[in-house]
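The shown structure was predicted, so the numbers you read here are calculated from the model rather than taken from an experiment. Values below: every heavy atom of this structure, side chains too, minus hydrogens, waters and symmetry copies. Residue numbers begin at 1 in each chain, while the letters A, B, ... track the order of the sequences.
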Protein chains: 2
Amino acid sequence: MRVQSRVLDAVEHDLKKAGFPPLAWYDALFELSRAPRGELRPVELERQMLIPQYSTSRLIERLVDEGLAMRRECPVDKRGQFVEITEAGRELQKRMWGAYAAAIELHVGSKLSDGDAVKLCALLDRLGCSCEETSPSAKDAAPAR
Amino acid sequence: MRVQSRVLDAVEHDLKKAGFPPLAWYDALFELSRAPRGELRPVELERQMLIPQYSTSRLIERLVDEGLAMRRECPVDKRGQFVEITEAGRELQKRMWGAYAAAIELHVGSKLSDGDAVKLCALLDRLGCSCEETSPSAKDAAPAR
DNA sequence: ATGCATTGAATGCATCTGCATCAACATTGA
DNA sequence: TCAATGTTGATGCAGATGCATTCAATGCAT
């Protein structure tokens, strides 16, 4: 817990210092940019990012407000919608990646050999899976971040 | 990042389900309870918990409001103060530890052998130290959690 | 001693979160 | 067909957080 918060804070701090929006924006833009046609249902974005539903809704709202994404309605399910990344969004995502990658290298990469990184991933993976055993209802699954 | 947020959320979720306050309260009560005479300067608490100053200030405020801790003034430095844990505070800390320990065992302990845990700690330790190299000023050190 | 930077703690304000709920649509099943 | 149930997404509201600033007390250098 201590290490994670230190590293994450350091990375977010670097990003902010470079004048960029929070990491969550990057995550969202990244997921959108690599989606089939640059678009995703909010529900899918939510699942990718491990954040609660209302949080997704508001994140999208902000991205749209900033012109980084746009909503389009879903033809097959009229209560749903698609969120599509704009050119500006793709551009910001790429620019942020510069700072983000540098921060990762500085705070993580430079401190771990490739082999160590692999070992670390393997160990962490054991903690990651099957989190719902506490409660039968999937509704209870905790949101993330 | 993904694993940490999943595990932490699961633990916090279990704690809340058992009717307990957030983990940060536990952390603070724990630090206080193991301090020399059950008391700590806010600044020290801040350093132990890796949270920003204003956050400590408000956390203490809540603990005091709930009768879990009490403020006393510091004789040697009149702008400072001491925060001392109360009996109720010690008791809550102990009761929370029951649920907390169970959650840790469920979400972490049961998924990792002792040897793996040691390896994991060793790997994480390499990421943890020397975080201030980005900026010469210590003021810039990022807060945590 | 006096001016000046530093430290310890609190707080006003804007923003963000979490929770519960809502409204609209979709699906199922009798 | 129609009621019950489930999904999708938004939102009002209370509480939490982050930021910058404040104020008082302290240390320090001249």
Set out, line by line, the N/O atom pairs under 3.5 Å between protein and nucleotides 20-25 of chain D.
{"residue": "dA25(D)", "atom": "N3", "partner": "R79(B)", "partner atom": "NH1", "Å": "3.2"}

(request) Take L50(A) and R6(B), measure what side-chain contact (heavy atoms from CB on, under 4.5 Å) needs, and give me the verdict at the end. (result) CA-CA 8 Å; L50(A) 297 177; R6(B) 271 172 117 74; 3.2 Å; yes

(message) Is there a side-chain contact between R58(B) and the phosphate of dG12(C), meaning an N or O under 4.0 Å from OP1 or OP2?
(response) no

(request) Kindly say if R47(A) contacts the phosphate of dT7(D), meaning a side-chain N or O under 4.0 Å from OP1 or OP2. (result) no

(message) Is there a side-chain contact between R79(B) and D77(B) in this structure, where contact means two heavy atoms from C-beta onward sitting under 4.5 Å apart?
(response) yes

(request) Determine whether L120(B) and L127(A) make a side-chain contact, defined as any pair of heavy atoms from C-beta on separated by less than 4.5 Å. (result) yes

(request) Please identify each residue that fulfils ring-ring contact (aromatic ring centres under 6.0 Å, His included) with F20(A), with sequence neighbours left out. (result) none

(request) Only counting residues at least two apart or in another chain, list the ones meeting ring-ring contact (aromatic ring centres under 6.0 Å, His included) with F82(A). (result) none

(request) Apply side-chain contact (heavy atoms from CB on, under 4.5 Å) to V118(B) and list each qualifying residue two or more places apart in sequence or on a separate chain. (result) none

(request) Could I get the full list of side-chain contact (heavy atoms from CB on, under 4.5 Å) partners for A88(B), not counting sequence neighbours? (result) L68(B), T86(B)

Starting from [atom2] on [N], measure out to [atom1] on [X] and report it in whole angstrom.
X      : N       : atom1 : atom2 : value
R62(B) : dA9(C)  : CZ    : C1'   : 15 Å
L50(A) : dG18(C) : CG    : P     : 13 Å
L23(B) : dG18(C) : CG    : C1'   : 17 Å
I51(A) : dA10(D) : CD1   : C1'   : 15 Å
Q81(B) : dT7(C)  : CD    : P     : 18 Å
L59(A) : dT11(D) : CG    : C1'   : 16 Å
E73(A) : dC25(C) : CD    : P     : 11 Å
L45(B) : dA10(C) : CG    : P     : 12 Å

Show every donor-acceptor pair shorter than 3.5 Å between a side-chain atom in residues 58-66 of chain A and any protein atom, with sequence neighbours excluded, or say none if there are none.
none

Any protein N or O atoms within reach of nucleotides 2-5 of chain C? Criterion: under 3.5 Å, listing atom names and distances.
none

(request) Select from K16(A) and E46(A) the residue whose nearest nucleotide in DNA chain D is closer to the 5' end of that strand. (result) E46(A)

Let me have the donor-acceptor pairs involving side chains of residues 31-43 of chain B, under 3.5 Å, with sequence neighbours excluded, atom names and distances please.
{"residue": "E31(B)", "atom": "OE1", "partner": "R34(B)", "partner atom": "NE", "Å": "3.2"}
{"residue": "E31(B)", "atom": "OE1", "partner": "R34(B)", "partner atom": "NH2", "Å": "3.3"}
{"residue": "S33(B)", "atom": "OG", "partner": "L29(B)", "partner atom": "O", "Å": "3.3"}
{"residue": "S33(B)", "atom": "OG", "partner": "F30(B)", "partner atom": "O", "Å": "2.9"}
{"residue": "R37(B)", "atom": "NH1", "partner": "E39(B)", "partner atom": "OE2", "Å": "3.4"}
{"residue": "R37(B)", "atom": "NH2", "partner": "E39(B)", "partner atom": "OE2", "Å": "3.0"}
{"residue": "E39(B)", "atom": "OE1", "partner": "R72(B)", "partner atom": "NE", "Å": "3.4"}
{"residue": "R41(B)", "atom": "NE", "partner": "Q81(B)", "partner atom": "O", "Å": "3.2"}

(message) Using Watson-Crick or G-U wobble geometry with both distances under 3.5 Å, which nucleotide pairs with dT30(D)?
(response) dA1(C)

(request) Could you list by number each residue of residues 35-43 of chain B showing a heavy-atom separation from DNA chain C of less than 4.0 Å, or answer none if no residue does? (result) R41(B), P42(B), V43(B)

(request) May I have all residue pairs that pass side-chain hydrogen bond (donor to acceptor under 3.5 Å, both in side chains) and include part of residues 87-105 of chain B, sequence neighbours excluded? (result) Y26(B)-Q93(B)

(request) Would you list the pairs meeting side-chain hydrogen bond (donor to acceptor under 3.5 Å, both in side chains) in which at least one residue belongs to residues 113-124 of chain B, sequence neighbours left out? (result) R126(A)-D116(B), S113(B)-D116(B)

(request) Would you mind classifying the nucleic acid contact of E61(B) as base, sugar-phosphate or nothing, using non-hydrogen atoms under 4.0 angstrom? (result) nothing

(request) Please name all residues satisfying side-chain hydrogen bond (donor to acceptor under 3.5 Å, both in side chains) with Q4(A), sequence neighbours left out, ordered by chain then number. (result) Q4(B)

